[in-house]
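In what follows, chains are A, B, ... by sequence order, proteins preceding strands, each numbered from 1. Not measured: the values here are computed from a predicted model.
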Amino acid sequence: MMSCKETTEGIATDRFASAGFFTRLSLRFHLFMCRHCRSYASQIRSLGDTTRCLCDDDPCLSPKARQAILDSCLEAASREEAADPKAE
Amino acid sequence: MPREDVPASDNRLNARIRARDPEAIRSVVERYADQIFRAARGAGLSRQEAEDVSQATFVTFVEGASRFEGRSHVRTWLFGILFRKLAEMRRHLSRDGQMDDIETVVEERFDVDGGWSQPPTAADGRAISHEIRQEIGDCLRGFSLQQRMAFLLREVEGLTTREIHDILGVTESNVGVLLFRARNRLRECLESKGFAR
């Protein structure tokens with residue numbers, strides 16, 4: 001059985017996401033047997049979920065800022081076009 | 001959950017981006033402006049700073065559009081530009097190659113056989129709830145830029161390790177190290193504030 005240290009390292013580095021069948025089976029078995037690692041895995045998952053919610057609270061540009069970005073981009077495109085009219 | 005992206009194989013759109021077609025530019029801005037803004041906010045910028053750096057990111061994208069060959073996703077390219085701009089603003093990059101003190105903290109939680117000597121205090125991750133959002137923001141402020149971006153790109157934008165490697169310009173195994181440090185730093189920070197009980 002993999003150790004608790006190996007288990008938590010694998011969880012925190014995302015190594016298990018690309019692991020083979022037997023490694024993932026071993027992980028599941030370890031988590032079934034070890035409440036501390038189960039707790040750790042749950043906390044890491046929760047941190048991601050909570051941070052995602054945190055960012056979703058303030059997700060959007062104002063319409064004015066979005067328009068300013070678009071205007072600057074179109075201006076830059078015209079500028080580049082004038083400087084390099086042969087660009088594809 | 002991965003957020004929507006333009007497939008790298010969308011050759012027609014890529015050609016229109018290279019030609020700086022106004023409709024293609026409009027479509028890219030519409031599709032990605034909020035993601036870029038959110039990542040800039042996640043990196044710790046104020047709304048005004050995040051708006052400014054988002055605008056600068058898209059302008060750089062348009063200026064370099066003739067070099068866009070579609071080998072990477074539009075999103076990856078944009079996040080790469082954003083990251084370089086943030087790195088110019090904050091010169092924290094030098095910290096990331098060094099041994100991080102979080103590794104010592106994590107190491108001390110295990111015995112010589114790799115078993116827990118100081119197990120996590122929370123019985124259940126559900127204890128980490130909405131009320132600690134402010135604390136998460138405070139904890140994230142202590143991160144290096146690369147750790148913070150790796151964590152946010154993975155957890156908030158749902159990017160793959162490969163995409164994060166392209167954006168940050170580090171190896172894929174270093175992306176794992178950055179995620180390891182960021183997640184453990186955040187977990188330890190919240191536990192030290194008494195939230196994971």
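- The environment of B:E172 atom CD is dense: over 12 non-hydrogen atoms of other residues, nucleotides or ligands sit within 6.0 angstrom.
- With a threshold of 4.5 angstrom between heavy atoms, A:C37 approaches chain B through its backbone and through its side chain.
- The cluster map of Ile, Leu, Val, Met, Phe, Trp and Tyr, joined by side-chain heavy atoms under 4.5 Å apart, puts B:M89 and B:L82 in the same cluster.
- For B:R109, no part lies near chain A; criterion is any non-hydrogen pair under 4.5 Å.
- Both B:F143 and B:V106 belong to a single network of hydrophobic side chains, linked directly or stepwise wherever heavy atoms of I, L, V, M, F, W or Y lie under 4.5 Å apart.
- Within residues 13-31 of chain A, the residues having any heavy atom less than 4.5 Å from a heavy atom of chain B are, in residue-number order, A:T13, A:D14.
- Under the 4.5 Å side-chain contact rule for hydrophobic residues, A:M2 and A:I44 share a cluster.
- The aromatic rings of A:Y40 and B:W116 lie tilted to each other, with the angle between the two planes from 30° to 60°.
- The hydrophobic cluster containing B:F37 also contains B:L45, counting ILVMFWY residues as joined when their side-chain heavy atoms lie under 4.5 angstrom apart, directly or transitively.
- Here the straight-line distance linking atom CG of B:L186 with atom CD of A:Q43 works out to 10.5 Å at 0.5 Å rounding.
- Within the 4.5 Å cutoff, the side chain of B:E107 has heavy atoms near those of the A:K5 side chain.
- Annotation: the span from B:R154 atom CZ to A:T51 atom OG1 amounts to 13.0 Å, rounded to 0.5 Å.
- Of the two parts of A:E9, the backbone and the side chain both hold a non-hydrogen atom closer than 4.5 Å to a non-hydrogen atom of chain B.
- Residues B:V170 and B:L86 are members of one and the same hydrophobic cluster, defined by side-chain heavy-atom contacts under 4.5 angstrom among Ile, Leu, Val, Met, Phe, Trp and Tyr.
- Rounding to the nearest 0.5 Å places CZ of B:F180 at 11.0 Å from CD1 of A:I11.
- Under a 3.5 Å cut-off, the side chain of B:R183 and the backbone N or O of A:A12 do form a donor-acceptor pair.
- Both the backbone and the side chain of B:F58 come within contact range of chain A, each with at least one heavy atom under 4.5 Å from a heavy atom of that chain.
- Contact of B:D113 with chain A is made through the backbone alone, with heavy-atom distances under 4.5 Å.
- B:E155 contributes atom CD, which lies 11.0 Å from atom CZ of A:R45 (distance to the nearest 0.5 angstrom).
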Start with the C-alpha distance between B:I36 and A:L61, add both sets of side-chain angles, then the distance that settles side-chain contact (heavy atoms from CB on, under 4.5 Å), and finish with yes or no. CA-CA 10 Å; B:I36 293 296; A:L61 279 160; over 6 Å; no
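- For the atom pair CZ (A:R79) and CZ (B:R20), the distance works out to 10.0 Å, reported to the nearest 0.5 Å.
- Listed by sequence position, A:A65, A:R66, A:A68, A:I69, A:L70, A:S72, A:C73 are the residues of residues 64-73 of chain A in contact with chain B, using a 4.5 angstrom heavy-atom cutoff.
- The minimum heavy-atom distance between A:S62 and B:R47, with the atom names listed, is N-NH2, 3.9 Å.
- The minimum heavy-atom distance between B:G114 and A:S3, with the atom names listed, is O-CB, 3.6 Å.
- A heavy-atom distance below 4.5 Å is found between the side chains of A:L47 and B:R187.
- In this structure, no portion of B:F61 lies under 4.5 Å from any heavy atom of chain A.
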